[in-house]
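First up is the structure itself, then whatever we jot down about it.
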Amino acid sequence: AGQLDDESRSYMRTFELVADLDLAGTKLAAFHGSPRSFEEGILATTPDAEVEEMLAGTDAPLLACGHTHFQLLRRVGESLLVNPGSVGLPFRRDGGVMQIAPWAEYALVTVDRDRLGVDLRRTTYDVAAHAQAMQASGMPHAGWWTSLWTDRQPAPVGPMS
(Lines give C-alpha, C1' and ligand atoms only; values in the text may rest on other atoms or scores of the structure.)
Protein backbone atom coordinates (compact mmCIF):
# COMPACT_ATOMS: atom_id res chain seq x y z
CA ALA A 1 0.00 0.00 0.00
CA GLY A 2 2.90 2.34 0.73
CA GLN A 3 4.03 2.01 -2.88
CA LEU A 4 0.77 3.37 -4.34
CA ASP A 5 0.64 6.98 -5.45
CA ASP A 6 -2.41 9.27 -5.29
CA GLU A 7 -3.28 8.63 -8.94
CA SER A 8 -3.35 4.86 -8.35
CA ARG A 9 -5.49 5.27 -5.24
CA SER A 10 -7.93 7.52 -7.13
CA TYR A 11 -8.16 4.95 -9.91
CA MET A 12 -8.91 2.18 -7.42
CA ARG A 13 -11.76 4.23 -5.93
CA THR A 14 -13.53 4.01 -9.31
CA PHE A 15 -13.89 0.23 -9.06
CA GLU A 16 -17.51 -0.93 -9.06
CA LEU A 17 -18.72 -3.49 -6.52
CA VAL A 18 -20.45 -5.50 -9.28
CA ALA A 19 -19.66 -5.82 -12.97
CA ASP A 20 -22.60 -6.99 -15.09
CA LEU A 21 -21.58 -8.75 -18.29
CA ASP A 22 -23.55 -10.25 -21.15
CA LEU A 23 -22.37 -13.71 -22.19
CA ALA A 24 -24.23 -14.48 -25.42
CA GLY A 25 -27.53 -13.47 -23.84
CA THR A 26 -26.81 -14.84 -20.35
CA LYS A 27 -26.15 -12.29 -17.62
CA LEU A 28 -23.04 -12.69 -15.46
CA ALA A 29 -22.72 -10.62 -12.29
CA ALA A 30 -19.08 -10.56 -11.16
CA PHE A 31 -17.80 -9.23 -7.84
CA HIS A 32 -14.74 -9.67 -5.67
CA GLY A 33 -16.09 -10.74 -2.27
CA SER A 34 -19.83 -10.17 -2.44
CA PRO A 35 -22.01 -7.60 -4.24
CA ARG A 36 -21.98 -5.49 -1.08
CA SER A 37 -18.31 -5.73 -0.05
CA PHE A 38 -14.90 -6.37 -1.60
CA GLU A 39 -13.88 -8.03 1.67
CA GLU A 40 -16.68 -10.53 2.33
CA GLY A 41 -15.94 -14.11 1.43
CA ILE A 42 -18.32 -16.83 0.29
CA LEU A 43 -17.20 -20.39 1.01
CA ALA A 44 -18.80 -23.79 0.54
CA THR A 45 -19.42 -23.76 4.31
CA THR A 46 -21.07 -20.31 4.41
CA PRO A 47 -24.69 -20.92 5.52
CA ASP A 48 -27.31 -20.52 2.78
CA ALA A 49 -29.15 -17.76 4.66
CA GLU A 50 -25.92 -15.74 4.97
CA VAL A 51 -25.09 -16.17 1.27
CA GLU A 52 -28.62 -15.15 0.28
CA GLU A 53 -28.26 -12.02 2.44
CA MET A 54 -24.90 -11.18 0.81
CA LEU A 55 -26.40 -11.62 -2.67
CA ALA A 56 -29.69 -9.81 -1.99
CA GLY A 57 -30.72 -7.70 -4.97
CA THR A 58 -28.25 -9.34 -7.37
CA ASP A 59 -30.18 -11.09 -10.10
CA ALA A 60 -28.24 -13.09 -12.71
CA PRO A 61 -28.18 -16.74 -13.79
CA LEU A 62 -24.41 -16.77 -13.20
CA LEU A 63 -22.65 -15.13 -10.27
CA ALA A 64 -18.84 -15.03 -10.10
CA CYS A 65 -16.95 -14.22 -6.92
CA GLY A 66 -13.39 -14.36 -5.68
CA HIS A 67 -11.57 -13.11 -2.58
CA THR A 68 -11.28 -16.48 -0.79
CA HIS A 69 -8.97 -18.11 -3.38
CA PHE A 70 -10.97 -21.37 -2.97
CA GLN A 71 -12.69 -22.88 -6.01
CA LEU A 72 -16.43 -23.16 -5.58
CA LEU A 73 -19.51 -24.05 -7.57
CA ARG A 74 -22.77 -23.75 -5.71
CA ARG A 75 -26.44 -23.16 -6.49
CA VAL A 76 -28.01 -20.12 -4.85
CA GLY A 77 -31.71 -19.90 -5.59
CA GLU A 78 -32.00 -20.09 -9.39
CA SER A 79 -28.41 -18.94 -9.94
CA LEU A 80 -25.06 -20.68 -10.15
CA LEU A 81 -22.32 -19.15 -8.01
CA VAL A 82 -18.74 -19.83 -9.11
CA ASN A 83 -15.39 -18.92 -7.61
CA PRO A 84 -12.69 -19.87 -10.14
CA GLY A 85 -10.03 -20.12 -7.42
CA SER A 86 -6.70 -18.44 -8.10
CA VAL A 87 -4.02 -18.84 -10.73
CA GLY A 88 -1.30 -17.19 -8.65
CA LEU A 89 -2.31 -17.86 -5.06
CA PRO A 90 -4.75 -20.78 -4.66
CA PHE A 91 -5.40 -21.95 -1.12
CA ARG A 92 -5.97 -25.42 0.29
CA ARG A 93 -6.52 -26.82 3.75
CA ASP A 94 -4.10 -29.43 5.04
CA GLY A 95 -5.14 -30.85 8.38
CA GLY A 96 -7.22 -27.74 9.04
CA VAL A 97 -4.32 -25.39 8.25
CA MET A 98 -4.69 -23.07 5.28
CA GLN A 99 -1.75 -23.31 2.86
CA ILE A 100 -0.88 -22.14 -0.64
CA ALA A 101 -1.49 -24.91 -3.16
CA PRO A 102 1.20 -25.74 -5.74
CA TRP A 103 -1.14 -25.52 -8.71
CA ALA A 104 -3.09 -22.89 -10.62
CA GLU A 105 -6.90 -22.88 -10.62
CA TYR A 106 -9.37 -21.29 -13.00
CA ALA A 107 -12.83 -21.82 -14.50
CA LEU A 108 -14.18 -21.97 -18.02
CA VAL A 109 -17.71 -20.72 -18.58
CA THR A 110 -19.62 -21.77 -21.69
CA VAL A 111 -22.97 -20.54 -22.91
CA ASP A 112 -24.60 -22.44 -25.77
CA ARG A 113 -28.20 -21.49 -26.49
CA ASP A 114 -30.05 -22.49 -23.31
CA ARG A 115 -27.09 -24.30 -21.75
CA LEU A 116 -24.78 -22.82 -19.16
CA GLY A 117 -21.60 -24.72 -18.29
CA VAL A 118 -18.97 -24.12 -15.64
CA ASP A 119 -15.81 -26.21 -15.74
CA LEU A 120 -13.44 -25.86 -12.77
CA ARG A 121 -9.84 -26.52 -13.82
CA ARG A 122 -6.53 -27.08 -12.09
CA THR A 123 -3.06 -27.35 -13.58
CA THR A 124 0.41 -27.80 -12.17
CA TYR A 125 3.34 -25.52 -12.92
CA ASP A 126 7.01 -25.21 -11.98
CA VAL A 127 6.73 -23.95 -8.39
CA ALA A 128 10.53 -23.80 -7.95
CA ALA A 129 10.91 -21.53 -11.02
CA HIS A 130 8.06 -19.36 -9.73
CA ALA A 131 9.72 -19.06 -6.32
CA GLN A 132 13.05 -18.20 -7.94
CA ALA A 133 11.42 -15.44 -10.04
CA MET A 134 9.73 -14.02 -6.94
CA GLN A 135 13.02 -14.04 -5.00
CA ALA A 136 14.68 -12.10 -7.84
CA SER A 137 11.79 -9.64 -8.25
CA GLY A 138 12.55 -7.37 -5.30
CA MET A 139 9.03 -7.97 -3.98
CA PRO A 140 8.78 -7.14 -0.25
CA HIS A 141 8.83 -10.28 1.93
CA ALA A 142 9.59 -12.53 -1.09
CA GLY A 143 11.50 -15.02 1.06
CA TRP A 144 8.63 -15.52 3.47
CA TRP A 145 6.05 -15.61 0.66
CA THR A 146 7.89 -18.21 -1.43
CA SER A 147 8.54 -20.36 1.66
CA LEU A 148 4.79 -21.00 1.81
CA TRP A 149 5.20 -23.32 -1.20
CA THR A 150 8.25 -25.20 0.12
CA ASP A 151 8.10 -29.00 0.11
CA ARG A 152 4.59 -29.15 -1.31
CA GLN A 153 3.82 -31.77 -3.94
CA PRO A 154 1.26 -31.03 -6.67
CA ALA A 155 -2.03 -32.85 -6.55
CA PRO A 156 -2.70 -35.21 -9.44
CA VAL A 157 -4.23 -33.49 -12.46
CA GLY A 158 -7.56 -34.92 -13.48
CA PRO A 159 -11.26 -34.68 -12.76
CA MET A 160 -12.02 -33.04 -9.45
CA SER A 161 -14.41 -34.78 -7.09
Tell me if a side-chain donor or acceptor on [X] pairs with a main-chain N or O of [Y] at a distance below 3.5 Å.
X    : Y    : result
D112 : R115 : no
T146 : A142 : yes
R74  : L43  : yes

On a heavy-atom basis, which atom in [X] and which in [Y] lie closest, and how many Å separate them?
X    : Y    : answer
T26  : V111 : OG1-CG1, 3.4 Å
H67  : E40  : CD2-O, 3.4 Å
R122 : E105 : NH2-OE2, 3.4 Å
R9   : A1   : NH2-O, 2.7 Å
Y125 : H130 : CE1-CB, 3.7 Å
S86  : L89  : OG-N, 2.8 Å

Problem - Lys/Arg-Asp/Glu bridge criterion (N-O < 4.0 Å) met for R75, D48 - result: no

In terms of hydrophobic clustering (I, L, V, M, F, W, Y; side-chain heavy atoms under 4.5 Å; direct or indirect links), are [X] and [Y] co-clustered?
X    : Y    : answer
L21  : F31  : no
L108 : L73  : no
V87  : M134 : no

Would you say the side chain of [Y] lies within less than 4.5 Å of the side chain of [X], judging by non-hydrogen atoms?
X    : Y    : value
Q99  : F91  : no
T124 : P102 : no
Y106 : L120 : no

Problem - Distance (rounded to the nearest 0.5 Å) between E50 CD and I42 CD1 - result: 9.0 Å

Within 6.0 Å of [atom1] in [X], more than 12 heavy atoms from elsewhere:
X    : atom1 : value
D20  : CG    : yes
Y11  : OH    : no
D6   : CG    : no
Q135 : CD    : yes
D126 : CG    : yes

Problem - Verdict with supporting geometry, T110 and L23, side chain to side chain contact (heavy atoms under 4.5 Å, CB included) - result: CA-CA 9 Å; T110 55; L23 303 177; over 6 Å; no

Practice task
Just jot down the side-chain hydrogen bond (donor to acceptor under 3.5 Å, both in side chains) partners of T14, sequence neighbours excluded, or say none.
Solution key: none

Let me check something: any side-chain donor-acceptor pairs from residues 76-84 under 3.5 Å, sequence neighbours excluded? List them with distances.
residue : atom : partner : partner atom : Å
S79     : OG   : A60     : O            : 2.5
N83     : OD1  : G85     : N            : 2.8
N83     : ND2  : G66     : O            : 3.3
N83     : ND2  : T68     : OG1          : 3.0
N83     : ND2  : F70     : O            : 3.2

Handout entry: Worked check of side chain to side chain contact (heavy atoms under 4.5 Å, CB included) between L55 and R36
Key = CA-CA 8 Å; L55 300 175; R36 66 184 188 185; over 6 Å; no

